[in-house]
Each structure stands twice: as C-alpha cells, then as structure tokens.
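Inspection log for the structure reproduced underneath, given as structure tokens.
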2 protein chains.
Amino acid sequence: MNVEWHNIIDNQMSVFSVLNTDEKELLKRNSTCTLYKKNDIIYKEGDKPSGLICLSKGKVKIYKEGVGGREQIVRMAKPVGFIGYRAIFAEQNYLASAEAIEDCVICTIEKETLMKILKTNSNLSFSIIRSLASELGFSNNRTVTLTQKHIRGRLAESLVFLKDTYDLEKDNATIKVYLSREDIANLSNMTTSNAIRTLSTFASEKIIALDGRKIKILDLKGLERISELG
Amino acid sequence: MNVEWHNIIDNQMSVFSVLNTDEKELLKRNSTCTLYKKNDIIYKEGDKPSGLICLSKGKVKIYKEGVGGREQIVRMAKPVGFIGYRAIFAEQNYLASAEAIEDCVICTIEKETLMKILKTNSNLSFSIIRSLASELGFSNNRTVTLTQKHIRGRLAESLVFLKDTYDLEKDNATIKVYLSREDIANLSNMTTSNAIRTLSTFASEKIIALDGRKIKILDLKGLERISELG
DNA sequence: ATAAAAATATGTTAAAAAACATACAAATGT
DNA sequence: ACATTTGTATGTTTTTTAACATATTTTTAT
C-alpha cells in the first residue's frame, strides 16, 4: 500500500509531485486504496463522486451510454492518473462510467482534503487547470474525428491513439493493451462487425498483424496516413 | 470602454466577480478592448494566444476545420464569457478558430496579469477549474450525440441547445440568434442540404416555424422528444 | 471433459446520409 | 438597375455504414 502511495504522490508524472512533505502526509492520511479486478465497474454514469480517484496500477476505460445503450469510450486511463476528476471539479455527478480492463489498484482522496490542499497550493491548481484544458482539446478533436472520418480513418486513428497512450511491448510493434473487438469498436464509433472487418483488411494490407487480441503495428506511417486522410 | 469593463468584471455571471478592488484595478490597467464586425475572424486554429479574451458584447462561433476543410462548430459563445481560454490554460496554440457572428466587443487580458492574479486568488482558480470541467462534460456529451443520433435528433438537439444558450425573443418562441443554414449544419454535423431539408420537415410538422433565418419553436416538448430519441 | 456462452469472422441486405444536380430567391456590389 | 454572388430549396443517385444472418472459434462454467 505504501508502494502505491509512492507511485501516486512522488511519481514524476503525478500532479502531486508539486506538494510539500506536510501536504503529502495529509493526503496519505485521508485516502483509501482498493483493488479492482478486470471487468469491475469503478463508477457508473449518474453516481455521485465521493473523492478524487487515482489510478495507481492497471488500465481503465471511461465510456458513456448513448442512443439505445450503445457505448462510446471517451477516454482510456493509465497509471499514474486521475479518474472521474471532471465530475468532482465540475461539482456534478459522473457523466460517464469507468470499468477496469485489467486488474487495478485505485486510491481515493477524500474530497475535503483535496479542496484544502487546492486552496493553499496554486501549483496544484495550475496542474489541474492544465490537465482539464488539455483533455478538453483532446475531446474536441475526437468529436471532429469521430464525426468526419470514415471507418478506416477512425480505426487507424484509434490504433495510433492506443499506441501513444499505452506504448509498445519490447518488440517495438505490439500495442501494450488488450481490448476486445467490441471495445475497439466502441472507441472508434463503429459496430463490432465493422471493427473486425476493418482490422482484417488492415492485416491483409500488411499495415498491422493480428494474433488474437494482440495488435502489431507493421507500418506506422501507413496507419498515420490513413488516419490523416480520414 | 468603461461600460465594457463593468460588464466583464462586475457581472454576476463573470468569474471575475470574486476579485477584490485592487485585483480588478490591475486587470483593467492591463487589458485592451477591441471591436469586431460580424464575420470577422478573432483567431485562427494554430495561432498563439496572447491573452485571455473576454466577450463583452455579441456572439461568437468556435469551430474546427476537419476532413476536407469541413467545419464543425464546437462551441457558441455569449457575453459575458471567455473565448480561447482552453488554449491559454493548456499552454497550447489554438485548436479551433473563433468568428464573430454579430458585431462584438472583446477585451483581452494580458497573460502575465492573469497568471499573477490566479496565483494569489484560489477562488478564481476554482472558477476556471469548474468552467473547464463543465465544458469537458459538454464536449463529451456532444461527441456521443453527434456520432450516435440521427439527423432529426441532432438538429432537434442543436435547436434546443441554441435556445438554452441564447434564450428566446420577447415572443417566447423565436430563438435569439441568427445563423445561416450552413452554420446550423456545421453545428449539427450534417450537410447544408440536410439541415435545410430537415428544418423544412420540422416546419411542416408544426414543430418549428421558419421566417428567413428566424426560427420559432412551436413545440418544445416535441423537439426535446425528437432529440431524446436520437 | 463437455456444454454453454461469448467473441470473432464474413457474407448479404437495408437504411441513412452524403454527394450531386438544378432551380430559385435574396443580398451585394457596381 | 443590373449583374454577380451567395444562400435556400428540393429532387435524384451513390456511398457508406448499420443491421441482420450465420458460421466458426475461443473462453468459461459446470
């Protein structure tokens, strides 16, 4: 458990790296860590956030239910990072759901503690402002991509996005995340059938190679070109 | 010019209402106000933001150029509110363009002054965090709407959105904004032809009434139902 | 080990929306 | 006042993608 806290608070990537020792101590005392198994729901659209959730280990998909229950993945979270922070800062209920796609370690910081530290620490505020602003830019980009690009373009962009988010295995080709075809479809705004079909087409064009859920990128430039053209 | 400043700083809706007298004075000394005519470009995708832009009078559309130059409106701004604040807080160049759809008065706050006030005023930081978080929720909603709803649902949602954003005229029916069919299309992710066609259909169904660019909402419940169903 | 369920694969059909074409009306500039 | 451009309207065709159907494979549970 202390290992998790080190990960969240002291990690270079963490926005909490700007805190002083006292503040870090305060955080540690007012938080709880939990383990989630793969496929566990962390929170549901409409739930009230109880604190700021930190993902210390594992991967999480954030998705919204749309027309007729159709799922749209709006974000893929990785450690170390926040989950559901939009809702808590907007002072709203969750507008999306979060589900573990791997076993996860999650630490929740009590809302009052968070606000107390925020009030005195303008650096932390800046970090959060910057994060929200960046994600808003990403979201606006996604809106245009998902509405305007054709199926091949959308899928190509998703594969590049997954590579950028989760990196590649040591072979420098396999995307370091294992998603079902359905999840890939829900990320790319297409039906599962079309995700499967288009992945097969990419494989037959030697742009990627498929081995079950493992996806190897064989021709990144080609993939980026397809994404670019739409 | 002083009238504009009163509007921006003291307005109940303004995030600057939380500032003290000294801070407001500092703001006033380090800002400039400009007039923009209808159809003027305020900034372009890729431009570097020079300060925080406040819309004091007029209406502005924020849009991105997508595949083949196709335009997607991501936000409609009204007074009093910020424009381009995402870019300045993300420390990025603009990811969208802003164009006046009416004559506008715009005041720009120098970046250094803004940051100085932000550093000492945690209330202002909270306001900005809340604004960004709310808009991120809106953007994620839009992504799902624009990708999943059918043409009628998207157009109905846009009309309700325009009504909520800009309110109605004294007749309690006419939406208080005058957009071209092309703008309505670019807001709703459809071709201009389809926007015209679907507006005509809504009019023939007595859900709305059209008089040039004036749109009267005759059956709000009906419009919301169409939007809801997708 | 075997049945049941879930995920993947692929072909076919149907629906939605874009693209295209053309006409007409309104605004704008000279 | 006229020509030119821009915006609106509507019909037709084509493209894209969802929906559907049906195997086959893989995973999970018993």
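Throughout, a chain's letter reflects where its sequence line sits, starting with A, and its residues are numbered from 1. As the structure is a prediction and not an experimental result, all values here were calculated from the model.
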### Query
How is B:Arg152 classified with respect to the nucleic acid when contacts are heavy atoms under 4.0 Å: base, sugar-phosphate, or nothing?
nothing
### Task
Could you say whether A:Ser193 or A:Arg154 is positioned toward the 5' end of DNA chain D, judged by the nucleotide with the nearest heavy atom to each?
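Its nearest nucleotide lies further toward 5', so the answer is A:Arg154.
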### Task
Let me know, please, whether A:Asn189 or B:Arg181 comes out on the 5' side of the other along DNA chain D by nearest nucleotide.
B:Arg181
Write down the distance between [atom1] ([X]) and [atom2] ([N]), rounded to a whole number of angstrom.
X: B:Asn194; N: C:dA19; atom1: CG; atom2: P; result: 10 Å
X: B:Leu179; N: D:dT6; atom1: CG; atom2: P; result: 19 Å
X: B:Tyr178; N: C:dA27; atom1: OH; atom2: C1'; result: 18 Å
X: A:Lys149; N: C:dA17; atom1: NZ; atom2: P; result: 21 Å
X: A:Asp211; N: C:dT8; atom1: CG; atom2: C1'; result: 14 Å
X: A:Arg213; N: C:dA6; atom1: CZ; atom2: P; result: 13 Å
X: B:Met190; N: C:dA16; atom1: CE; atom2: P; result: 14 Å
X: B:Lys214; N: D:dG7; atom1: NZ; atom2: P; result: 19 Å

#### Entry: Between B:Phe16 and B:Phe82, ring centroids under 6.0 Å
yes
For residues [X] and [Y], is any side-chain donor paired with an opposing acceptor at under 3.5 Å?
X: B:Arg70; Y: B:Asn189; answer: yes
X: B:Asn186; Y: B:Lys61; answer: no
X: A:Thr191; Y: A:Asn194; answer: yes

### B:Ser180 side-chain N/O to D:dG7 phosphate OP1/OP2 under 4.0 Å
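So the side chain of B:Ser180 is outside the cut-off, no N or O lying under 4.0 Å from OP1 or OP2 of D:dG7.
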### Query
Under 4.0 Å between a side-chain N or O of A:Thr191 and OP1 or OP2 of D:dA18?
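Result: yes.
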### Query
Going by heavy atoms in the side chains, are A:Leu159 and A:Ile208 under 4.5 Å from each other?
yes
### Task
Could you tell me whether the side chain of B:Arg197 has a donor or acceptor atom within less than 3.5 Å of a complementary atom in the base of D:dG11?
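Between D:dG11 and B:Arg197, which were checked side chain against base, a qualifying N/O pair under 3.5 Å is present.
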What's the closest nucleotide to the [X] side chain, out of [options]?
X: B:Ile151; options: C:dA18, D:dA18, D:dT8; result: C:dA18
X: A:Ile196; options: C:dT12, C:dT8, D:dT8; result: C:dT8
X: A:His150; options: C:dA7, D:dT16, C:dA17; result: D:dT16

